[in-house]
There are 2 protein chains.
Amino acid sequence: MSTQERKRRERELRERLFVREAQEFIRREGLLHLQMSRLAEACDYATGTLYQHFASKEDLLLAIATEDLKRRATAFQPIPHLPLSSRERMLAVVLTDIDFISSHPDHFQLLQYVSTEVIWASASPDRRKALAEAGAPICEAVSQVVTTAVATGDLSGIPTLRPVEIAAGSWCLNVGMHSLAHAHGLLEAYAVRDPYALLLQHSQALLNGLGWQPLIDIRDTRNIAEQAQRIRALLRDNMQPVVSERPD
Amino acid sequence: MSTQERKRRERELRERLFVREAQEFIRREGLLHLQMSRLAEACDYATGTLYQHFASKEDLLLAIATEDLKRRATAFQPIPHLPLSSRERMLAVVLTDIDFISSHPDHFQLLQYVSTEVIWASASPDRRKALAEAGAPICEAVSQVVTTAVATGDLSGIPTLRPVEIAAGSWCLNVGMHSLAHAHGLLEAYAVRDPYALLLQHSQALLNGLGWQPLIDIRDTRNIAEQAQRIRALLRDNMQPVVSERPD
DNA sequence: AACGCAACTTGAATCTGGTTCATTATCCGG
DNA sequence: CCGGATAATGAACCAGATTCAAGTTGCGTT
């Protein structure tokens with residue numbers, strides 16, 4: 001059994017190598033210039049070997065996005081347990097998302113690209129499933145925040161909606177603003193400034209609209225900014241130290 | 001002069017032919033299977049001629065998306081003048097968007113694809129500009145709705161925000177929900193039902209949160225649905241009859 | 001220690017499809 | 001009707017993803 005096991009491990013290790021190296025390529029030269037043959041070469045393997053792991057280039061891209069997303073997801077896990085009001089936790093979700101994406105521009109670009117129906121459709125079902133699952137912890141963390149809020153009475157639940165569905169609004173606001181912020185030239189064309197401050201303000205408005213206690217004054221931008229800073233500080237302290245993976 | 005003028009017209013006509021035929025291709029076989037040479041052939045032109053019009057395939061895709069977007073934009077123009085309360089007008093925007101995208105799935109897919117930084121970056125600046133401009137009327141219409149709302153006192157403006165920026169929240173909610181709704185399998189994976197009813201509910205919550213009068217009860221789903229139906233009916237009556245473009 | 005088999009690796013060849021460009025055709029003003 | 005400018009043509013080109021026939025490797029067996 002042990003040889004089989006060892007092989008599996010080696011295989012997994014190599015897959016990581018490919019993914020890691022591909023991320024490096026993308027960071028250096030952009031998604032556009034990632035080439036299967038060059039990637040294989042850079043890892044000291046033949047092109048064909050790459051295809052042992054990934055059925056197609058799209059598959060590889062999903063795999064990379066999945067890896068990123070897993071890392072992103074871990075950032076959300078401590079949130080439900082942070083010493084914050086339920087509403088602040090919800091904002092912590094928004095802030096975590098903003099900060100992660102701001103500091104990983106490649107991740108957003110890639111995720112955006114693979115989420116495209118064109119690319120999505122040409123990846124294998126397994127990879128698609130893996131990507132969807134990598135996002136699940138975020139979904140769960142957020143749902144938990146909502147559930148707790150309802151339990152503590154900060155939010156009076158909406159009978160027809162599940163926790164996820166209540167959280168979905170906030171999530172969509174995020175996704176939409178990221179898209180806007182990344183659409184090169186759109187902000188300028190439409191004279192929108194500082195998208196993430198705006199996102200924060202609208203998130204607060206939405207929470208108010210859902211009746212999520214304590215309501216705050218959305219005109220008080222100073223207060224909003226200060227609260228965000230407080231929450232960010234706490235998030236930094238609670239950050240999982242990024243598990244630096246052992247070099248092989 | 002007239003011959004030069006005629007040539008320009010012919011050129012424009014042909015460009016339309018290409019775009020139209022490409023849309024047809026996409027509708028029939030999907031974005032994935034659009035091929036430059038086959039498209040040219042289908043229009044009875046040589047491949048090279050296609051490249052007289054579009055510097056690259058990406059350019060062509062932007063052109064198609066732009067054409068669609070223009071049509072989409074016209075649907076928003078009557079909204080600021082509809083006999084509705086300002087808040088209902090804002091909902092009319094949301095509904096128009098939902099309905100247009102629901103009935104033009106290809107449009108969303110294409111727009112999503114070309115908005116991707118990868119594709120966007122490899123199109124020519126002119127095409128990018130044209131696409132951005134095609135969306136401007138929507139932006140203006142929505143801004144106007146906000147401006148009117150502030151003028152009539154339905155919405156007490158937010159000193160630090162421009163009308164566009166106030167509208168941006170609602171817009172992002174839309175964009176985000178469309179993304180979610182189109183991400184094959186995500187809704188199921190995260191157990192979210194009926195995304196567009198949800199979008200409506202969250203839009204109402206956001207408007208409430210912005211203090212947009214008259215506030216409504218977001219728990220009253222029946223009322224929300226009925227109001228949406230009323231607005232939709234009005235929108236249908238005011239629909240610009242789609243200008244059926246003369247066949248050449 | 002040698003053998004045979006299965007599984008894996010290799011990278012040159014294949015294939016697809018976007019893009020180019022030398023050639024040819026068209027059009028226009030004189 | 002001529003000469004040159006302008007545009008159309010489509011076969012050739014090229015990049016790069018994907019394949020696959022040939023060669024290796026490593027394991028268990030004799």
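Here the structure is a predicted model, which is why all the values come from computation and not from measurement. Below, read A as the first sequence line, B as the second, and so on, with proteins coming before strands; counting in each chain starts at 1.
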* Presence of Arg11(B) side-chain N/O under 4.0 Å of dA8(D) phosphate oxygens OP1/OP2 -> no
* **dG10(D) phosphate, OP1 or OP2, under 4.0 Å from Thr47(B) side-chain N/O** =>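 Checking Thr47(B) against dG10(D): no side-chain N or O falls below 4.0 Å of OP1 or OP2.
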How many Å lie between [atom1] on [X] and [atom2] on [N], as a whole number?
| X | N | atom1 | atom2 | value |
| --- | --- | --- | --- | --- |
| Leu50(A) | dG11(C) | CG | P | 14 Å |
| Leu60(A) | dG16(D) | CG | P | 16 Å |
| Leu61(B) | dG17(C) | CG | C1' | 14 Å |
| Ile119(B) | dG18(C) | CD1 | P | 12 Å |
| Gln52(B) | dT6(D) | CD | C1' | 9 Å |
| Glu10(B) | dA8(D) | CD | C1' | 13 Å |
| Glu58(B) | dG18(C) | CD | C1' | 9 Å |
| Tyr51(B) | dC13(D) | OH | P | 17 Å |

* To do: Kindly state which residues belonging to residues 26-46 of chain A come within less than 4.0 angstrom of DNA chain D, counting heavy atoms of the residue only, listed by number.
  =>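 Leu34(A), Gln35(A), Met36(A), in order of number.
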* Report yes or no: is the cationic atom of Arg14(B) (NZ for Lys, CZ for Arg) closer than 6.0 Å to the six-membered ring centre of Tyr45(B), at no more than 45° off its axis? => yes
* **From CG (Leu32(A)) to CD1 (Ile26(A)), nearest 0.5 Å** =>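 That separation rounds to 10.5 Å.
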* CG-OH distance between Asn174(A) and Tyr196(A), expressed to the nearest 0.5 angstrom ->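 If we round to the nearest 0.5 Å, Asn174(A):CG and Tyr196(A):OH are 8.5 Å apart.
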* Asked: With distance as the sole test, does Arg127(B) use its side chain to make a donor-acceptor pair with the main-chain N or O of Leu60(B) at under 3.5 Å?
  ->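 Checked: no pair found.
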* Count the heavy atoms belonging to other residues, nucleotides or ligands that lie under 6.0 Å from CD of Glu24(B), then report whether that count exceeds 12. => yes
* Asked: When you check the side-chain N and O atoms of Gln109(A) and His182(A), is any donor under 3.5 Å from an acceptor?
  ->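 Note: Gln109(A) and His182(A) side chains miss the donor-acceptor criterion.
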